[in-house]
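The next block holds one structure in the form of structure tokens; read it before the comments.
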Amino acid sequence: MPRASTRRLVAGRGRYVDDIPAKGEVYAAFLRSPHAHAAFEVVNISAAAAIPGVVRVLTAEDIDPVCPPWKCVLRNAPDLQSPEQRPLARRQAVFQGEPIALVVAQSRAIAEDALELIEVEWSERPAAISLEAAAMPDAVPAHENLKSNICWRFEHRSGDPDKAFADAEHVVQRRLVFARKTGVPLEPRGILASYDPSTNALTVHVSHQMPHQFQLHLAELLGMSPLDVRVICSDIGGAFGIKMHVYPEEVAVCAASRILGRPVKFIADRVESLSSDVHAREHIVEARMAVNTSGMITAIDVDDIQGLGAYSVYPRSSTAEAMSALRAVGGPYRFDNYHALLRSVLQNKVMTGQYRSVGHPVAAAITEALVEDAAAVRGEDSIVFRQRNFLPTEAMPWVSPMGARMIDLSHHACLERMLTLVDYPRLRQEIDTWRQEGRIVGLGLASFVEFTATGAEAYGRAHVPVSSLDGVMLTMEPTGEVRAQCSASEIGQGIQQGLAQIIADAVGVRADKVRVALGDTAASPHGGGAWSSRGAAITGETAWTAGRKLRNELLNVAAAMLQTTAASLDLRDGRILAADTGAERIAIGDVARTAIFHPYDLPTGTNAQMSVSHTWGRDADPFLPTNGVQASLVEIDPISGLVRPLRHWVVEDCGRIINPLLVDEQIRGGVVQGIGEALYEICRYTEDGQYGSGTLADYLLPMAADMPDIVVAHVETPYSGSQLGAKGAGEAGTCGAPAAVLNAVNDALRPFSGRIDAMPISPVDVLRALGKLPAKAGA
Amino acid sequence: MKPPRFDYLRPQTLAEAVELLDRHGGDAAILAGGQSLMPMLNLRVAQPAVLIDINAVPELDRIGRSGDRLSIGGRARHNDVFRSAEVAQAAPLLTVALEHVAHEAIRNRGTLGGSLALADPAAELPACMVCLDAEIVTASVKGERRIPAGAFFQGLYTTTLEPNEILARVDVPAAGTDWRFGFDEVARRRGDFAMAGVAVAVREESKAVAECRISLLGVEMSPRRMEAVEMCLLDAPLGTAANIVAAQSALRDTLEPIEGSEIPPEYRIQIAHELLARVIRAMAAPVSGKRTH
Ligand SMILES: Cc1cc2nc3c(=O)[nH]c(=O)nc-3n(C[C@H](O)[C@H](O)[C@H](O)COP(=O)(O)OP(=O)(O)OC[C@H]3O[C@@H](n4cnc5c(N)ncnc54)[C@H](O)[C@@H]3O)c2cc1C
């Protein structure tokens, strides 16, 4: 079933932040640090302030009195040390692009004119840029007076990994390098903040994934009650995780509106979006896998150095990505001994943070590269190796070495399905034929586990105010239609449609009779918004129960009207039926109208609830694991080393599928982002920290013409702990795609004895691996 | 990303355009398709005081042939050149190369003159004009000036165009049936600027190469004739193994690749070297002048 909102959106009638006007609005532009690390003094703003149309030039001096700095603190990780961050930097800039002043003017163009006239004295400092260098004990500090750039160190050991490695028949190892990339939503970040001094209330339209979380932070930073801060997220043109943070620009704009007492708008342009949205995935990982004589994985060891940028992102912490990666390493397999070491490193670059499939693609790439190597040293097909090592269904539930409870997973079934889908033996034969013809082709597989629908403990125990619960309020209209207000967020993934279907089924009406409102803190109960592929599994489950409550109320009223029992009635398609015969008794609209307009016709004390609400979050299972397999077929151009994905397949298990169309397209979009991660996307910095990927000519996105057909199939293993059985589906595509492509490229390179260990895979590295260019000096 | 203030002028005739250009000279920028200029304005890389929009000037987009000369107006859109039957006949190299220029929407606006005046080292059209031995014709208050394409491109984003000149048209010698052309390039994604590309033109007499012109794009700072390479192909049938090897080695010796980008120079040399062979072989194969992939 297509989304009800599709017509509106494709007709260009979407309303994004920039489409929303406010009377008297003025426009903000930021002066940003041109240096990666520098001390500075804003010397003179008078020339800028004098330009006609400029309303005000603001610096930290102006903003600090209305907004204190913030700092990423995780109560359950007290060692994490991240410096204070402000809406506008004061005297020290720690990454290129950090906002240091703000001009508010009658137009964005005027504001930009004024930026050029602000006089700043800069005194450049040495900068910590490359991850390897920044992680060294004697590294240049990313902040003045910082003793070490290591912001957080984490070590985990379970079982006896040392012994397992000592006893191993084979040990395989890899060093994989992952480059920074970012989310690139179609709609960049944007905010319209309207402070009304007469009511001391702030209304904020913002392109954000979590209106309630953002509301709490704004209220706290501006010293207001959340009752006076209303956050509205109307249409959101993509988010991918980069819109779940508290950014300096958004807070500065709210503070500016407070200072000026009028609406202030800021829409990040593409350059700002690419250079100030959180980046992700900067990791250098050394990993080893121990395998015993029977070909079983006995231990995994990973050493991850992760780049954080200048601050650990507020409030959820940049370290979440690496922690998520470490949790997901080895995901599909049963192994008992695990050692993981993480060093998260501050650098003079933009912050890294949560981006679609947070950490999982890193874990999948490492795990599946090691699996290929292990199978190769054993001289067997990696399929056989996987099948032998998968966590068997009968062993579940099983707690992984990092404490994840593995339940309701279908590794063997997904792989079986994949082998049929790709017609494995025939495809292998075909590849052999192509190779004989001189073509450089390869097939890569990747099994994966993706943890979705994060529960309360992840952020609760850190005392980060992020809700993993959702609230749903349903109101019966006198027409028999249902109005729903939910705390999920629609960010383009289609959850609005999914919820309408769930509520419709729960109540017993058609989906087009349900109108779902999302994204307004004044309208919907507090709840989690959009992150961690949580919509169907958490909001959906909440909505289901709320819908059943409303249904019961309606059946009770109908029973009273028809002088029978609720149990003898059914509610379907908006009609009350006799449960046994299916004969129509009365329309739901008549029931609603009786309850609302003619309650005197009902027995005294009926007090039918025509609006119900429900709040829900899971008690058990801090995460819902999901699983799947991806396969990628690629061809390498022998002249240029360019990798062309020829075909891509996904078999995934997200439990109960509510809307197959939405799930399939989520998977496809995710795969494309994963292919982007494997082949194209990179946020580049020069050695002195100048950002080099500020336009879409420099930051290469995967484009439709270069994408392969993506075949999607499903195995459905419902989550056993909920009524709907739905789990997360939004990130699975991104999770496994880079691993599959990397394995495919390395499969293609195998006959040439070359190998790629860095993503995105550069054509230059491929030519080197093919022996057509000399190896990199020092490599 | 908003442009600084500028005055906007929209001349209605070529005379008026060159008049305005003469008055504003170095403070002015000509606006043609805007596909490169508008981003430069928005990024404030270019800050002209005056924009002279030539989109209303009549005739500037004319494509026509007279005798053995094909003339293409400076404001001819990429897609109009791409779809022109006259171009396909008289300068098929352009038709083949234009398929690699950007994307449909950009080709609808972008112009030949804009591309040549900009002189991006990775652009297709400058290299093609060198390979075709075309003449760039400029207009100014002083009248016309004709500049051989080989002398027009001076380096990275640099040409011999004077600030008071408009690139009015390009005159291309119309190819006789004895000419064959080859073109190929490597770009990261479809429509991207090339990391290396090769354009080849040869005239054959009694099955031997009598004339040969080769230019590259995306490899050096600006396109030029690869004379040393051309020599290797003369006086022999096109595509002999020995000649290809000789041409490849001459190419390696002569190239001065772009430095300082994330694409290492040795990579550009390597792919140019392989492309050269691929293009020559494809030209020598029975279906001539066609793209090879
Ligand atoms: C996403 C993208 C991808 C692209 N990919 C490619 C590609 O693969 N290959 C390629 O070759 N190009 C590519 N281009 C560039 C495109 O071809 C441009 O259209 C072209 O380079 C400039 O032409 P224009 O008419 O748009 O010029 P404008 O942007 O209007 O002007 C460009 C410059 O030329 C000057 N100028 C323009 N016309 C004249 C004239 N008649 N006389 C004197 N000066 C003049 C202007 O003052 C300005 O300095 C791409 C552009 C984009 C946006």
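Keep in mind the model is a prediction, meaning the values are calculated, not measured. Numbered from 1 within each chain, the chains take letters A, B, ... in sequence-line order.
Remark: B/E274 pairs with A/K772 by the salt bridge (Lys or Arg N to Asp or Glu O under 4.0 Å) rule, at least two apart or across chains.
Interface remark: of the candidates B/R188, B/R5, B/E266, B/R188 forms the most heavy-atom pairs closer than 4.5 Å to chain A. By number of non-hydrogen pairs under 4.5 angstrom with chain B, the leading residue of A/L700, A/L767, A/D637, A/L679 is A/L700. Contact count versus chain B (heavy atoms, under 4.5 Å) is highest, among A/E272, A/R108, A/R684, A/R768, for A/R684.
Only the side chain of B/H103 comes within contact range of chain A, judged by heavy atoms closer than 4.5 Å. If you measure heavy-atom distances from A/E116 to chain B, the contacts under 4.5 Å come from the side chain alone. When heavy atoms are compared at a cutoff of 4.5 Å, A/L701 approaches chain B by way of both its backbone and its side chain. Of the two parts of A/R270, the backbone and the side chain both hold a non-hydrogen atom closer than 4.5 Å to a non-hydrogen atom of chain B. Contact of B/L43 with chain A is made through the side chain alone, with heavy-atom distances under 4.5 Å. If you measure heavy-atom distances from B/A272 to chain A, you find no contacts under 4.5 Å at all.
Taking both residues in full, the closest heavy atoms of B/I271 and A/I639 are given as CG2-O, 3.0 Å, listed atom of the first, atom of the second, then distance. Contact record, A/A109 with B/P3: CB-O, 4.5 Å, taken as the closest heavy-atom pair.
Remark: side-chain polar atoms of A/D706 are not paired, donor with acceptor, to backbone N or O of B/R189 under 3.5 angstrom. Listed for the B/Y267 side chain is a donor-acceptor partner under 3.5 Å among the backbone atoms of A/S640. Of the possible donor and acceptor atoms, one in the side chain of A/E112 sits under 3.5 Å from a partner among the backbone N and O of B/M1.
Proximity of B/R190 to A/M703: side-chain heavy atoms (C-beta onward) are nowhere separated by under 4.5 Å. Proximity of B/R268 to A/V764: side-chain heavy atoms (C-beta onward) are nowhere separated by under 4.5 Å.
Around CZ of B/R77, the count of heavy atoms belonging to other residues, nucleotides or ligands within 6.0 Å exceeds 12. Heavy-atom contacts from other residues, nucleotides or ligands closer than 6.0 Å to CD of B/E256 number 12 or fewer. A 6.0 Å sphere centred on CD of A/E687 holds no more than 12 heavy atoms belonging to other residues, nucleotides or ligands. Heavy atoms of other residues, nucleotides or ligands lying less than 6.0 angstrom from CZ of A/R644 number 12 at most.
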Report the C-alpha distance between B/R44 and A/L115 in whole Å, list the side-chain angles of each, state the deciding distance to 0.1 Å, and finish with yes or no for side-chain contact (heavy atoms from CB on, under 4.5 Å).
CA-CA 12 Å; B/R44 298 191 175 219; A/L115 293 182; over 6 Å; no
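In this structure, NZ in B/K2 is found 12.0 Å from CG in A/D113, a value given to the nearest 0.5 Å.
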